[in-house]
Student: 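One structure is given below, represented as structure tokens, and several questions about it will come after.
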Amino acid sequence: SLTNILPMPTNRRNVGLEEEAFLALTRAYHLSRKLAETVIEPLGITLAEYNLLRIIQNDARITATQVRERLFSTAPSVTNLVKNLERKNLISRVRNKDDARIQHMQLTSQGKKLVKIAQEQIKRFTASLSLKPALLRSVVQDMENVTQTLSTSLLSYGTADLQLAP
């Protein structure tokens with residue numbers, strides 16, 4: 001059951017606001033992973049692969065380096081995602097005419113069809129939640145704000161800032 005992934009704390013007396021926020025983010029992460037298993041993975045792709053397909057759909061001239069920056073990922077992990085999607089015939093790479101070292105990624109016709117099906121599945125799932133559009137817009141804006149804050153914080157928060165317990 002989705003509600004049993006990370007139950008809401010019942011006794012919050014000993015939990016500070018910062019830890020409560022961290023736990024809420026952790027619950028949201030685990031629930032989004034469960035959502036991916038329920039909605040995206042039955043289509044034969046992972047959430048990371050779907051994210052890459054959406055990025056390519058929105059930027060037909062994107063390179064692996066640009067993808068790595070957008071996904072906050074390492075080069076080997078992006079390479080594996082690209083190879084998996086190529087094996088599944090969902091994307092192809094095209095060499096840049098001016099610089100043969102640069103390859104742009106594009107969706108294949110099969111990739112375009114799969115993205116459309118995934119979007120329909122996501123829309124159907126979201127509609128089943130019966131949330132009003134104003135609340136959905138608010139959730140999107142709040143999550144974008146949190147994501148921006150987290151990405152900025154992670155870039156500036158180095159391992160030297162970590163304090164290990166004695």
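Below, all heavy atoms of this structure are taken into account, side chains as well, without hydrogens, waters or symmetry copies.
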Student: Identify the two heavy atoms, one from Pro42 and one from Ala36, that lie closest to each other, and give their separation to 0.1 Å.
Tutor: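 Of all heavy-atom pairs spanning Pro42 and Ala36, the closest is CD-O, 4.3 Å.
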
Student: Is the shortest side-chain heavy-atom distance between Leu136 and Leu129 below 4.5 Å?
Tutor: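 SC-SC contact between Leu136 and Leu129 ruled out.
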
Student: Nearest 0.5 angstrom please: Asn96 CG to Gln103 CD, how far?
Tutor: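 Nearest 0.5 Å value for the CG-CD distance: 10.0 Å.
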
Student: What I'd like to find out is whether the side chain of Leu53 reaches to under 4.5 Å of the side chain of Leu107, using heavy atoms alone.
Tutor: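 Side chain of Leu53 against side chain of Leu107, heavy atoms only: contact under 4.5 Å found.
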
Student: So do Lys113 and Lys116 actually touch side chain to side chain, heavy atoms under 4.5 Å?
Tutor: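 Counting from C-beta outward, Lys116 and Lys113 never come under 4.5 Å.
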
Student: Please give me the minimum heavy-atom distance between Arg54 and Val115, naming the atom from each residue.
Tutor: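 So the minimum-distance heavy-atom pair works out to CD-CG1, 4.1 Å.
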
Student: Atom CG in Leu47, atom CD in Glu37: separation rounded to 0.5 Å?
Tutor: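 Answer for the CG-CD pair, Leu47 versus Glu37, is 10.0 Å.
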
Student: Where do Glu120 and Lys123 land on the salt bridge (charged side-chain N to carboxylate O under 4.0 Å, His left out) test, with the steps shown first?
Tutor: CA-CA 5 Å; Glu120 290 167 0; Lys123 189 174 183 178; over 6 Å; no

Student: For residues Ala48 and Leu81, report the shortest heavy-atom separation together with the two atoms involved.
Tutor: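 Of all heavy-atom pairs spanning Ala48 and Leu81, the closest is CB-CD2, 3.8 Å.
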
Student: Flag yes if Val78 and Val94 sit in one hydrophobic cluster, no otherwise; membership is Ile, Leu, Val, Met, Phe, Trp, Tyr, and two members link when side-chain heavy atoms are under 4.5 Å apart.
Tutor: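 Different clusters: Val78 never reaches Val94 through Ile, Leu, Val, Met, Phe, Trp or Tyr contacts under 4.5 Å.
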
Student: Please answer whether the main-chain N or O of Phe22 pairs with a side-chain N or O of Thr26 as donor and acceptor at a distance below 3.5 Å.
Tutor: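 Looks like yes, one N/O pair under 3.5 Å.
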
Student: Please indicate whether Lys88 has more than 12 foreign heavy atoms, meaning atoms of other residues, nucleotides or ligands, lying under 6.0 Å from its NZ.
Tutor: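 More than 12 heavy atoms, drawn from other residues, nucleotides or ligands, come within 6.0 Å of this atom.
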
Student: For residues Glu86 and Arg93, determine if any side-chain heavy atom of one lies less than 4.5 Å from a side-chain heavy atom of the other.
Tutor: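 Counting from C-beta outward, Glu86 and Arg93 do come under 4.5 Å.
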
Student: Shortest non-hydrogen contact from Glu49 to Ile45?
Tutor: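 Result for this residue pair: OE1-CA, 3.2 Å.
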
Student: Where do Met105 and Thr63 come nearest, in terms of heavy atoms and distance?
Tutor: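 Nearest heavy atoms, Met105 then Thr63: CE-C, 3.5 Å.
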
Student: Nearest 0.5 Å please: distance from the CD atom of Gln66 over to the CZ atom of Arg70.
Tutor: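 Gln66 CD to Arg70 CZ: 8.5 Å, rounded to 0.5 Å.
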
Student: Could you tell me which non-hydrogen atom of Thr108 sits nearest to which non-hydrogen atom of Ser92, and how far apart they are?
Tutor: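 Heavy atoms only, the tightest pair is CG2-N, 4.1 Å.
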
Student: Taking atom CG of Leu17 and atom CD of Glu20, what is their separation to the nearest 0.5 Å?
Tutor: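 Output value for this atom pair is 6.0 Å.
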
Student: CG/Asn84 to CD1/Ile91 distance, rounded to the nearest 0.5 angstrom?
Tutor: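 Separation between the atoms: 9.5 Å.
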
Student: Can you check whether Glu69 reaches Thr65 side chain to side chain, under 4.5 Å on heavy atoms?
Tutor: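 They are in contact (side-chain heavy atoms under 4.5 Å apart), so the answer is yes.
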
Student: According to a 4.5 Å side-chain heavy-atom criterion applied to Ile, Leu, Val, Met, Phe, Trp and Tyr, with indirect links allowed, do Val140 and Leu35 form part of one hydrophobic cluster?
Tutor: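 Unlinked, Val140 and Leu35 end up in two clusters.
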
Student: Under a 4.5 Å cut-off applied to non-hydrogen side-chain atoms, are Gln57 and Gln119 in contact?
Tutor: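 A side-chain contact exists here, since the closest heavy-atom pair is under 4.5 Å.
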
Student: What distance separates Ile56 CD1 from Asn51 CG, expressed to the nearest 0.5 Å?
Tutor: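 These two atoms lie 11.0 Å from each other.
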
Student: Starting from the C-alpha separation in whole Å, work towards a yes-or-no answer on side chain to side chain contact (heavy atoms under 4.5 Å, CB included) for Leu114 and Gln110.
Tutor: CA-CA 6 Å; Leu114 185 71; Gln110 189 174 335; 5.8 Å; no

Student: Counting C-beta onward and ignoring hydrogens, is there a side-chain heavy-atom pair between Ile102 and Asp99 closer than 4.5 Å?
Tutor: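 Yes; the side chains approach each other to less than 4.5 Å.
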
Student: Do Ile40 and Thr46 make a side-chain contact, defined as non-hydrogen atoms from C-beta onward lying under 4.5 Å apart?
Tutor: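 Contact flag for Ile40/Thr46 side chains = no.
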
Student: Determine whether Ile122 and Tyr29 fall in the same hydrophobic cluster, where Ile, Leu, Val, Met, Phe, Trp and Tyr are linked whenever their side-chain heavy atoms lie under 4.5 Å apart.
Tutor: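 Shared cluster, no.
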
